[in-house]
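Note sheet for the following structure.
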Amino acid sequence: MPEHILLRHRDLPGLERLDVYRKHGGFEALRQAVSTQTPAQVIDVVKASGLRGRGGAGFPTGVKWSFLTPNVFPRYVVANADESEPGTFKDREILERNPFQFLEGVAICAYAAQANLAYVYCRGEFWDLAHVLESKIAELRAAGLLGKKLFGSDYALDIQVHLGAGAYICGEETALLESLEGKLGQPRLRPPFPAAEGLYGKPTVINNVETLANLPPILTRGAAWYRSIGTEKSPGPKVFCLSGHIARPGNYELPLGTTFRELIFTHGGGVPGGRRLKAIMPAGASSSILAASDAVLDTPMDYESVAALGSALGSASLILMDDTVDMAWVARKTTEFFKHESCGKCTPCREGTYWMLHLTERLTGGAARPEDAALLESVARGMQGKCLCALGEFSTMPVTTALERFGADFPAAAGGAA
Amino acid sequence: MLADKHRAEIEAILAKYPPEHRRSAAMPLLYLAQQEYGHVTQAALQEVAELIGADRTQVGSLVGFYTLYHDQPGGTYRLQICTDLPCALRGAETFAEKLCENLGVRLGGTTPDGMITVEGVMCLAGCDRAPMFQVQGADGIHYHENQTVESAMKVVDDLRRKSSHA
Ligand SMILES: Cc1cc2nc3c(=O)[nH]c(=O)nc-3n(C[C@H](O)[C@H](O)[C@H](O)COP(=O)(O)O)c2cc1C
Ligand code: SF4
Ligand code: FES
């Protein structure tokens, strides 16, 4: 196994302690940035590294930072630790086991953005974790690694933790900002984007936990080193989450561009009970479902290649399903999730998820009518392109791809679709 | 009154946000109120609203929106089992059913002694350690992972014991 870059605690026991983290070079990247580089230079290094956001969309991080409206202050940085996508549990491991690398990443991002205050927005269920993070932040203040005149410069930074209270939609960046402002977590109309008008109407950078944890090694080891990992368009390491029907569920840090086959069979140990792998959801519940063919298994998991299969890499949280799983049931389960989590702000998503739930319940409850599968398809298609935020769109993807790629699993549709 | 009993904690919460954006403290203050009163009472809404200079309906709408706030009393502890897709693939639905049977409740119901409300919830970012649940009580939220019905019943026994000592 090559070294871990993000899950470094797996190689270095005790890394969650500040003394251990510092002994292994911790806060060297921040020191170097604050005392030898301008914010613009830090942004250039991150741009050159090709780092892409690990929260799902894969947008280039340095490019995003450079959209901050010039000369408007104060600015804010918000770390997205809302991790609520079904099948995703990578940020949690980083926060629990390698918290200082994440916090150093937050500080680097804040310096680059010239923000003096950063918030970590944790999902409410991370109650214990959030309290531990607060104590780690207190240690940083006591050690002079947060506060005024960092490393003898004029730069000042503080970090605060904010707990959500159980709402998946708060992972969407503008809903997250609303929530942080003490309001309902409902997405904002964009533009303006957060880089122009974010928290409290000020220029704001929002990045995922894993994205931020990439920053310290990028600064100390350089963009060229970073680009030596992964693919040309999707550089760097990625934490892949494996859940569902897999022998060894858990997180696996591997280069972007690792094939599905290597991840699932070499690292994850394959499907238990000698069963056949039937389907893969590569991006949690928000996935277009892939039928597990040889061609799919040999595809490298980078943003472009998974998109070319008719799905998306997203947060790289793979839900695996063996040949006992009924995809109509899967469509019902994901629809239950999205119906529950729809924030209700826009009609297509609020009503559409409601109707999709009724139909998937009927289709899996033995009471299906002959027209139900077609009706489900038309409700889902009718929502596409009409929702205010991506949640509404996400909710349709498992449904339409289950119908399209696993039509035989839908009882009433079998005659027509098979 | 929260303001009298938890003055230092309230000050610490408010200090996290810029003074002109006190409303950001609504969520942490709601947690504080819920810990104090067991659920978010009408009086608590008023108290939180006054602390942040918002009106009561604004604060009240948060309680309806976010699933971890409760405006109705429930069991002393809420045992929230994840039955979302990845956990369901690893037997979480059967686990939830059996645990409910053992506790003599339905999903959503509360044990006759008023101690445990069992609920099904969406993904808790612990899918690789299913079956799993969290317990929400006056002392916050804690995870229990890689569970069996037996180990879960032990967790319940511990909660009952803890509460009878409290
Ligand atoms: C419905 C929805 C849920 C999301 N949930 C999360 C989440 O839990 N964590 C996260 O980092 N990003 C989430 N995102 C993506 C964020 O909106 C945003 O793109 C991301 O935090 C940006 O960080 P990055 O550029 O570092 O990826 C979600 C997006 C949507 C539409
Ligand atoms: S698409 Fe759904 S979650 Fe997004 S704003 Fe509309 S109702 Fe809310
Ligand atoms: S699906 Fe249960 S914790 Fe993720």
Side-chain angles (χ1 to χ4, degrees), chain A residues 74 83-92 117 119 123-128 131 160-168 170 179-186 199-200 241-246 248-251 281 284-285 317 319-322 325 329-330 333-334 336-337 340-341 343-344 398, chain B residues 12-13 15-18 20-31 34 40 48 52-54 58-59 61-70 80 82-90 93 120-130 132 134-137 139-143 145-146:
Chain A
E83 189 163 58
S84 309
E85 179 68 44
T88 311
F89 39 83
K90 64 190 178 67
D91 297 338
R92 187 178 156 210
L117 182 54
Y119 288 97
R123 63 178 296 177
E125 293 83 352
F126 287 174
W127 176 281
D128 284 328
H131 287 85
Q160 296 288 353
V161 177
H162 182 93
L163 259 188
Y168 165 71
C170 291
S179 180
L180 188 45
E181 292 181 3
K183 303 174 193 156
L184 300 187
Q186 293 185 316
L199 185 62
Y200 309 131
C241 313
L242 291 185
S243 69
H245 293 148
I246 183 81
R248 293 192 289 271
N251 288 318
M281 299 182 81
S317 26
I319 305 172
L320 303 166
M321 290 166 280
D322 71 19
V325 179
W329 173 80
V330 171
K333 289 297 286 183
T334 60
E336 277 172 9
F337 173 78
H340 186 264
E341 301 300 337
C343 81
Chain B
I13 289 171
K16 289 179 159 192
Y17 310 97
E20 66 277 28
H21 298 292
R22 291 167 84 84
R23 188 168 168 186
S24 281
M27 292 178 69
L29 290 174
L30 281 172
Y31 275 122
Q34 183 159 283
V40 184
V48 170
I52 60 170
Q58 284 175 336
V59 180
S61 67
L62 300 179
V63 178
F65 187 85
Y66 295 100
T67 60
L68 292 173
Y69 299 129
H70 311 286
Q80 301 173 321
C82 173
T83 53
D84 214 342
L85 174 63
C87 281
L89 289 168
R90 303 182 75 83
E93 290 178 321
V121 296
M122 300 301 172
C123 181
L124 298 174
C127 337
D128 54 334
R129 301 176 200 161
M132 61 86 65
Q134 66 183 7
V135 176
Q136 187 183 16
D139 62 342
I141 299 166
H142 310 294
Y143 276 34
E145 303 180 284
N146 293 317

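In what follows, chains carry the letters A, B, and so on, assigned in the order in which the sequence lines appear, proteins first and then strands, with residues in each chain numbered from 1.
Remark: B/Tyr66 pairs with no residue by the ring pair (Phe, Tyr, Trp, His ring centres under 6.0 Å) rule, at least two apart or across chains. Listed by chain and residue number, B/Ile13, B/Leu14, B/Tyr17, B/Leu29, B/Ile52 satisfy the side-chain contact (heavy atoms from CB on, under 4.5 Å) test with B/Ala25 (two or more places apart in sequence, or in another chain).
With a threshold of 4.5 angstrom between heavy atoms, B/Arg22 does not approach chain A through any atom at all. Interface residue A/Leu184: backbone and side-chain heavy atoms are both found under 4.5 Å from chain B. A/Lys183 touches chain B through backbone and side chain together, each having a heavy atom under 4.5 Å away. Only the side chain of B/Glu93 comes within contact range of chain A, with at least one heavy atom under 4.5 Å from a heavy atom of that chain. When heavy atoms are compared at a cutoff of 4.5 Å, B/Ala125 approaches chain A by way of both its backbone and its side chain. With a 4.5 Å cut-off on non-hydrogen atoms, A/Ser179 touches chain B through its backbone and its side chain both. Within the 4.5 angstrom heavy-atom criterion, only backbone atoms of A/Glu85 (N, CA, C, O) approach chain B. Contacts of A/Ser84 with chain B are made by backbone atoms alone, with heavy-atom separations under 4.5 Å and no side-chain atom involved. Looking at B/Arg90, only its side chain comes within 4.5 Å of chain A, counting heavy atoms on both sides. Using a 4.5 Å cut-off between heavy atoms, A/Tyr168 does not touch chain B at all. The parts of A/Ile246 that come within reach of chain B are both its backbone and its side chain, each placing non-hydrogen atoms under 4.5 angstrom from that chain.
Taking CG of B/Asp139 as the reference point, atom CD of B/Gln136 lies at 10.0 Å (rounded to 0.5 Å). We find the CG-CG distance between B/Leu62 and B/Leu30 to be 6.0 Å, quoted to the nearest 0.5 Å.
Between the side chain of B/His21 and the backbone N or O of A/Glu181, no donor-acceptor pair lies under 3.5 Å. Of the possible donor and acceptor atoms, one in the side chain of B/Gln34 sits under 3.5 Å from a partner among the backbone N and O of B/Leu68.
Side-chain contact check for A/Arg248 versus A/Leu242: every heavy-atom pair is 4.5 Å or farther apart.
Of all the listed residues (A/Cys241, A/Cys170, A/Gly185, A/Ala167), the one sharing the greatest number of non-hydrogen pairs under 4.5 Å with chain B is A/Gly185. The candidate with the highest count of non-hydrogen atom pairs below 4.5 Å against chain B, out of A/Pro74, A/Gly164, A/Ala285, is A/Gly164. Per-residue heavy-atom pair counts under 4.5 Å with chain A were compared for B/Pro86, B/Cys87, B/Ala130, B/Ala26, and the maximum is reached by B/Pro86. Note: B/Cys127 leads B/Ala54, B/Cys127, B/Gly126 in heavy-atom pairs under 4.5 Å with chain A. The most heavy-atom pairs under 4.5 Å with chain B, out of A/Glu125, A/Gln160, A/Met321, come from A/Glu125. Comparing B/Val121, B/Ile141, B/Leu124 by how many heavy-atom pairs each has under 4.5 Å with chain A, the most go to B/Ile141.
With A/Phe89 as the aromatic partner, A/Arg92 does not meet the cation-pi criteria of under 6.0 angstrom to the ring centre and within 45 degrees of the ring axis.
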Check your understanding: Should B/Thr67 and B/Met122 be marked as a side chain to side chain contact (heavy atoms under 4.5 Å, CB included) after you check the CA-CA gap, both sets of side-chain angles, and the distance that decides it?
Key -> CA-CA 10 Å; B/Thr67 60; B/Met122 300 301 172; over 6 Å; no

Practice item. Take A/Ser243 and A/Ile319 through the test side chain to side chain contact (heavy atoms under 4.5 Å, CB included) and record every step on the way to the result. Key: CA-CA 5 Å; A/Ser243 69; A/Ile319 305 172; 3.8 Å; yes

Check your understanding: Going through the checks in order, is the side chain to side chain contact (heavy atoms under 4.5 Å, CB included) test met by A/Phe126 and A/Glu83?
Key -> CA-CA 9 Å; A/Phe126 287 174; A/Glu83 189 163 58; 4.0 Å; yes

